[in-house]
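Values below: every heavy atom of this structure, side chains too, minus hydrogens, waters and symmetry copies.
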Amino acid sequence: MKAKFLKIRVGIVFPFIFLFLVLLNSCKKDEVTLVLTQEQKWTNEIFTAMQSIYLWNDALPATLDATKYTTADKALEYLTGLKINSTTGNAIDHYSFLDKIGNLSGEISQGTASGDYGFMVMPGYNASHQVSFFVNYVYKNSPAGMAGVVRSDEIVTINGSNAVHPEVDSQSHLVSTSAGYTNMVNALFNSTSASFGFKKYNGTTYTTLLNVGAYPINSVICDSVFTVGTKKVGYMVFNQFLGASSQTELENTINKFQDQGVKYLIVDLRYNGGGSVETCEKFSSLLAPLSANGKIMYAYNMNTATTQYFSGQKFNFTIKFTKTNTFEPIELDFIVSGNTASASELLINTLRPYYTGKLFLIGKTTYGKPCGFWSTPIGYTENQTTTKEGYDLYAVSFETINANNEGGYYAGMTPGSTKYPGVEAYDSYYLNWGDVNDLCLAQAINHISGGAFKVPSSLQKAKQVLATPSNSIDRQFKGMIDFRKHMK
């Protein structure tokens, strides 16, 4: 799918003053005015905005010379590299970004997407020990979904070519110059039409011509009910925190589980990169025990200036559960991976204090993003009537902590660790959703059935491919946007 970056403009407006740099000619004493490029003007706006709203504004310089940067992106890269994580020695902020105005605002607020085929891939080893690309998720109403493409389908040809097996180096990283890699990236992200040959798990093959299109996104892409002994187990794959459409899907799915007597719940978040904080709050309340109603869900941490501003606005820094249903699972199992980020991690963190000893993580260490942003318009205002140019700035503006003051999981949540009980498990990319042989799903069912996880070494292990450069293959957005709370 094309790059998934969120652009919900929430009306943060700052006064900006553009300064012309005046240089004196040392010999002739003539006054020379350097006119800033448009990108440099936007750079000044970005710096001014970040001085006010950036969570780590204490690391910003007092001034910024915009003429040093040819693009606003380069300036942002410099600014976000200033705050160092004392634990890792690296920049803590690899989250903030710029994007052109409103490219995908409809995806989050309205639950729609456009300009792609509606499926994503991941690399893995096939039955012949070749590295291939496998479909890891599909939106059912997308061009790919309507053509019958499903998770686990292996791509065997692209536009008639069988050069679809990317090379990997000695460290199991993808080689971005190999034909199998470039063919996949160009067809999936840089084309409006492409022919894909797929091979199913049972060995049958089919070829389909796909054209990019617009479609509604289904954020719940699978839901099933299993009977494990005498226990009713609900399983749902939740792929993206959209707006009202996601909230409706979540409510309908949980109601369905409750009607069928589900008491144990498995929530698959392995590819969920986050999205709407408001939808996360809704999901948290749907899953919370009845005793949590009215109690703390999470609280905000912001920089000093932003905290003072919101205090004057009588802003509520603490969010509480609002329970509107009676669903109360006995056990919660979350399937996670390195693609599980932000609002997905917030969901887990908000529920941890209320499911002590009953909440488990299965899979691989999550992305690690306990912070979020608001959207700041750069180079335009929301109400201007002329053609809008510029960016939407997403600079980290807040952190969240749960009712036990737990947060700060910048290194991610590791299944099976002291903080996050559960077990590590590999991603069964070669199996469709809901297959009980899926290594992660099988671990959840084993635990629900017998109260213990199987030792990972006793289960099949899949040789892993590291999908780097990751931004070329994994283009699912990773972040959480608070649409409601902003500075005016």
Side-chain angles (χ1 to χ4, degrees), residues 5 7 9-86 88-101 300-313 371-382 384 388-399 410 479 482 485-488:
F5 295 120
K7 316 324 133 258
R9 297 176 297 283
V10 293
I12 306 175
V13 181
F14 295 90
F16 297 104
I17 300 174
F18 298 122
L19 300 179
F20 288 97
L21 301 180
V22 179
L23 301 177
L24 297 179
N25 185 303
S26 59
C27 295
K28 297 182 179 180
K29 305 298 183 182
D30 292 333
E31 186 176 85
V32 179
T33 300
L34 295 183
V35 179
L36 300 183
T37 67
Q38 187 63 71
E39 287 285 326
Q40 290 166 344
K41 291 178 183 179
W42 290 334
T43 291
N44 277 334
E45 289 192 46
I46 289 165
F47 179 61
T48 302
M50 289 180 68
Q51 286 179 307
S52 297
I53 66 169
Y54 192 46
L55 180 64
W56 302 293
N57 64 353
D58 61 324
L60 298 178
T63 60
L64 182 73
D65 182 358
T67 63
K68 291 183 177 180
Y69 307 97
T70 56
T71 66
D73 270 310
K74 290 184 180 300
L76 183 64
E77 181 180 357
Y78 163 71
L79 294 171
T80 57
L82 296 174
K83 186 67 173 183
I84 302 300
N85 187 324
S86 59
T88 66
N90 298 319
I92 196 170
D93 185 5
H94 53 276
Y95 316 108
S96 299
F97 65 92
L98 286 172
D99 197 45
K100 288 296 185 181
I101 303 167
Y300 287 90
N301 283 334
M302 305 173 192
N303 69 36
T304 301
T306 311
T307 299
Q308 291 174 346
Y309 171 84
F310 278 127
S311 295
Q313 300 294 317
C371 52
F373 4 64
W374 303 300
S375 172
T376 306
I378 300 298
Y380 74 100
T381 62
E382 288 189 284
Q384 77 178 59
K388 296 178 180 179
E389 293 182 314
Y391 295 98
D392 290 321
L393 167 65
Y394 292 91
V396 171
S397 304
F398 59 86
E399 289 179 318
Y410 287 98
D482 194 326
K485 306 170 183 68
H486 55 274
M487 299 177 72
K488 295 184 178 180

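The shortest non-hydrogen separation linking Ala91 to Gly81 is CB-CA, 3.8 Å. Taking every heavy atom of both residues into account, Thr43 and Ala75 meet most closely at CG2-CB, 3.4 Å. Counting all heavy atoms, side chain and backbone alike, Ile46 lies closest to Leu76 at CG2-CD1, 4.3 Å. Here the closest heavy-atom approach between residue Ala305 and residue Ser52 is recorded as CB-O, 4.4 Å. For Leu36 against Lys41, the heavy-atom pair with the smallest separation is O-CE, 3.7 Å.
Residues passing the side chain to side chain donor-acceptor pair (under 3.5 Å) test with Asp58, sequence neighbours excluded: Lys83. Partners of Asn57 under the side chain to side chain donor-acceptor pair (under 3.5 Å) rule, at least two apart in sequence or in another chain, do not exist in this structure. Partners of Gln51 under the side chain to side chain donor-acceptor pair (under 3.5 Å) rule, at least two apart in sequence or in another chain, do not exist in this structure.
Using a 4.5 Å heavy-atom threshold, the side chains of Pro61 and Leu79 count as touching. Within the 4.5 Å cutoff, the side chain of Glu39 has no heavy atoms near those of the Thr70 side chain. You'll find the side chain of Leu98 stays beyond 4.5 Å of the side chain of Tyr394, heavy atoms only.
Ring planes of Trp374 and Phe398: tilted class, angle from 30 to 60°.
For the residue pair Tyr54 and Asp93, a side-chain donor N or O sits within less than 3.5 Å of a side-chain acceptor on the partner. Residues Glu45 and Tyr380 bring no donor and acceptor atom of their side chains to less than 3.5 Å of each other. Side-chain N/O atoms of Asn303 and Tyr309 include no donor and acceptor closer than 3.5 Å.
For Glu77, the CD atom counts as loosely surrounded, since its 6.0 Å shell holds 12 or fewer non-hydrogen atoms of other residues, nucleotides or ligands. No more than 12 heavy atoms of other residues, nucleotides or ligands lie within 6.0 Å of CD in Glu389, so this atom counts as exposed by the packing criterion.
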task: Please lay out, stage by stage, how Phe97 and Phe373 fare under the test ring pair (Phe, Tyr, Trp, His ring centres under 6.0 Å).
output: CA-CA 10 Å; Phe97 65 92; Phe373 4 64; 5.6 Å; yes

- request: Take Gln384 and Lys388 through the side-chain contact (heavy atoms from CB on, under 4.5 Å) test and state the conclusion after the steps.
  value: CA-CA 7 Å; Gln384 77 178 59; Lys388 296 178 180 179; 3.6 Å; yes

Working for side-chain contact (heavy atoms from CB on, under 4.5 Å), residues Tyr95 and Cys371: CA-CA 9 Å; Tyr95 316 108; Cys371 52; 3.8 Å; yes

task: For Asn90 and Ile84, run side-chain contact (heavy atoms from CB on, under 4.5 Å): C-alpha distance rounded to whole Å, both residues' side-chain angles, the deciding distance at 0.1 Å, then the answer.
output: CA-CA 5 Å; Asn90 298 319; Ile84 302 300; over 6 Å; no

message: Using the rule given for side chain to side chain donor-acceptor pair (under 3.5 Å), can you reason through Thr67 versus Asp65, listing the C-alpha separation, both sets of side-chain angles and the distance that settles it, and then say yes or no?
response: CA-CA 5 Å; Thr67 63; Asp65 182 358; 2.5 Å; yes

- prompt: Where do Asp392 and Thr376 land on the side-chain contact (heavy atoms from CB on, under 4.5 Å) test, with the steps shown first?
  reply: CA-CA 6 Å; Asp392 290 321; Thr376 306; over 6 Å; no

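Side chain of Thr306 to main chain of Met302: no donor-acceptor pair is present (N/O by atom type, distance under 3.5 Å, no hydrogens or angles). When atom types are taken as modelled, the side chain of Ser397 and the backbone of Ala395 share a donor-acceptor pair closer than 3.5 angstrom. Judged by distance alone, the side chain of Ser96 and the main-chain N or O of Val396 form a donor-acceptor pair under 3.5 Å.
Note that the OH atom of Tyr391 and the CH2 atom of Trp42 stand 6.0 Å from one another [nearest 0.5 Å].
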